[in-house]
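On a predicted model such as this, the values are computed, not experimentally measured, just so you know.
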Amino acid sequence: INIANYEILHKFDCSSFVGIVLDESSNVQITNNNILNNVEEDIPRRRVYGIYIKYSDGNLIANNNIEGSYAGIYMEESSDNEITNITLSNNNINIYLKDVNDDNNCNNVIEDVFGDNNNQILYYNEEVNLENLNVDELILCDADNSEVNDIIAKNLFILRTDNSDFSNIQVDNSEIGIYVENSNNNIIISSQITNNKEYGIHLETSSNNEIIENYIEVYFDENLNRNKGYGIELETSNNNLITDNLIESNLHGLVIRESSGNEIRDNEIRDNENDLMVSPYENEHCDNIIEDNSGTDNKPILYYNEQVNLEN
């Protein structure tokens, strides 16, 4: 199947959210198309996609221009696809990989792809050492034992990547900041994550990571006259260390969702609408150590997971 030389103009309505969909599709070529999602600024783009790829392998996406979506290209549980010579602009996230549940899902080629301000989108699925780069997005997928230092990026994806170090990362004015999924034994240290709409750092199904000495401030929504987004969120992620971070001016400073065995200590979590939120699904999700953290107005954040008597 070839889809080529079309101009797809997407007006927002309740019946149509995607320019082109590949669902359980193989050997499709999508080339030389212009996909423009014409969404008004005051209408949420949360489910608007330029090209949506799910459970699809062995496809070619080349020489396309994609503008104005929540995600320009969204790919989930798909492998052996080639994405090349793409221009993406004015999307909340230019390339969004999610639910990468198998190393084979990292076996894609993404090259010669450019985002906003003609900055590169870089994708690696093997060990890499990077430093002193300014990119639109950086995606590591099955790139174990990598070293990443002094990087400026709109979004950083760490997917199925273990035993890697990330230091002095600057992520500003993005949608999801640093997104960590199915990745273990990594260190994120001495980084600045600011003005992101959904998350500063999000860990999902990721364990034994260390988040140390970072500054995290999410986005202020002038229309709502409030901060929005989460500073750090742990979702189904266990045995992580979060220490010596400054997390301020978010909707929720630190969120622990269905996660246990995490150690949260010596953080300054202040001026958020909720400094700390714990959302357990089972009793074992209360088994976290949260101590020596200060909140708004330098008041202590107290957390107990056993019987306690308090007064004064």
Side-chain angles (χ1 to χ4, degrees), residues 1-6 8 18-35 49-67 69 71-89 91 93-131 133-148 151 153-162 164 166 176 178-183:
I1 299 174
N2 296 322
I3 303 172
N5 303 309
Y6 286 94
I8 300 172
V18 184
I20 298 173
V21 180
L22 298 184
D23 192 345
E24 298 186 6
S25 303
S26 299
N27 302 312
V28 177
Q29 295 186 13
I30 302 173
T31 59
N32 300 304
N33 299 288
N34 196 24
I35 302 171
Y49 305 97
I51 298 176
Y52 184 98
I53 305 166
K54 186 174 183 179
Y55 309 140
S56 297
D57 306 326
N59 302 288
L60 173 65
I61 296 96
N63 303 306
N64 298 284
N65 176 59
I66 305 170
E67 298 180 20
S69 301
I73 297 175
Y74 176 92
M75 187 158 59
E76 178 179 333
E77 293 194 60
S78 300
S79 60
D80 299 314
N81 298 287
E82 184 176 353
I83 299 173
T84 184
N85 292 312
I86 306 292
T87 300
L88 300 118
S89 61
N91 306 290
I93 306 170
N94 283 320
I95 294 183
Y96 192 174
L97 272 64
K98 196 174 187 304
D99 294 340
V100 182
N101 295 323
D102 188 281
D103 286 349
N104 288 332
N105 296 150
C106 295
N107 291 336
N108 297 286
V109 174
I110 302 176
E111 60 185 13
D112 296 324
V113 178
F114 294 88
D116 296 297
N117 301 315
N118 207 36
N119 286 332
Q120 277 190 291
I121 296 172
L122 299 179
Y123 178 83
Y124 298 95
N125 52 14
E126 60 184 6
E127 178 183 342
V128 66
N129 293 319
L130 300 172
E131 63 179 356
L133 291 176
N134 187 344
V135 298
D136 185 83
E137 287 183 19
L138 176 60
I139 306 169
L140 272 63
C141 193
D142 191 22
D144 296 350
N145 304 307
S146 291
E147 296 278 346
V148 179
I151 302 295
K154 184 177 175 182
N155 293 295
L156 169 60
F157 289 88
I158 304 169
L159 311 169
R160 299 197 70 82
T161 293
D162 301 334
S164 297
F166 301 86
I176 55 176
I178 299 178
Y179 182 86
V180 184
E181 180 187 281
N182 291 313
S183 297

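No donor-acceptor distance shorter than 3.5 angstrom exists from the side chain of S164 to the backbone of D144, with no hydrogens or angles considered. Of the possible donor and acceptor atoms, none in the side chain of S183 sits under 3.5 Å from a partner among the backbone N and O of D162. Side chain of N59 to main chain of S25: a donor-acceptor pair is present (N/O by atom type, distance under 3.5 Å, no hydrogens or angles). Looking at S56, its side chain does come within 3.5 Å of a backbone N or O of E24 through a donor-acceptor pair.
To the nearest 0.5 Å, atoms CG (L140) and CG (L122) are separated by 9.5 Å. With values rounded to the nearest 0.5 angstrom, L133 atom CG is found 4.0 Å from I151 atom CD1. Residue I110 holds its CD1 atom at 12.0 Å from OH of Y124, rounded to the nearest 0.5 Å. If you take CG on L138 and CD1 on I158, they are separated by 8.5 Å, rounding to the nearest 0.5 Å. To the nearest 0.5 Å, atoms SG (C141) and CD (E126) are separated by 12.5 Å. Note that CD1 of I95 is 11.0 Å distant from CG of N155, once rounded to the nearest 0.5 Å.
Between I176 and F157 the shortest side-chain heavy-atom distance falls below 4.5 Å. Side-chain contact between N64 and I20 is absent, with no heavy atoms from C-beta onward closer than 4.5 Å. In this structure the side chain of V109 never reaches within 4.5 angstrom of the side chain of T84, judged on heavy atoms. Between I35 and I51, the closest side-chain pair of non-hydrogen atoms falls below 4.5 Å. In this structure the side chain of D80 reaches within 4.5 angstrom of the side chain of N107, judged on heavy atoms. Looking at heavy atoms from C-beta onward, N117 lies out of side-chain contact with D136 at the 4.5 angstrom threshold. Contact check for Y49 versus V21: no side-chain heavy atoms found under the 4.5 Å cut-off.
With no hydrogens or angles considered, no side-chain donor-acceptor pair links N125 and D142 at under 3.5 Å. Between S79 and D57, the side chains place a donor N or O and an acceptor N or O closer than 3.5 Å (distance only, hydrogens not considered).
Nearest heavy-atom pair across D116 and K154 is OD2-NZ, 2.8 Å. Between S69 and G50, the shortest heavy-atom distance links the atoms OG-N, 3.3 Å. Of all non-hydrogen atoms in M75 and S78, the two that sit nearest each other are CG-CB, 3.7 Å. What you find for G58 and N81 is that their closest heavy atoms are N-OD1, 3.4 Å. Between N94 and E137, the closest heavy-atom pair is N-OE2, 2.8 Å. Contact detail for N145 and E127: the closest heavy-atom pair is O-CG, 3.3 Å.
Just one of D99, D23, V100, L97 meets the side chain to side chain contact (heavy atoms under 4.5 Å, CB included) condition when paired with E76; it is D99. Shown are N33, N32, N34; of these, the side chain to side chain donor-acceptor pair (under 3.5 Å) with N65 is made only by N34.
Among residue pairs with one or both ends in residues 101-111, those qualifying as salt bridge (charged side-chain N to carboxylate O under 4.0 Å, His left out) are D103-R160; sequence neighbours excluded.
With sequence neighbours left out, the side chain to side chain donor-acceptor pair (under 3.5 Å) criterion links Y123 to no other residue.
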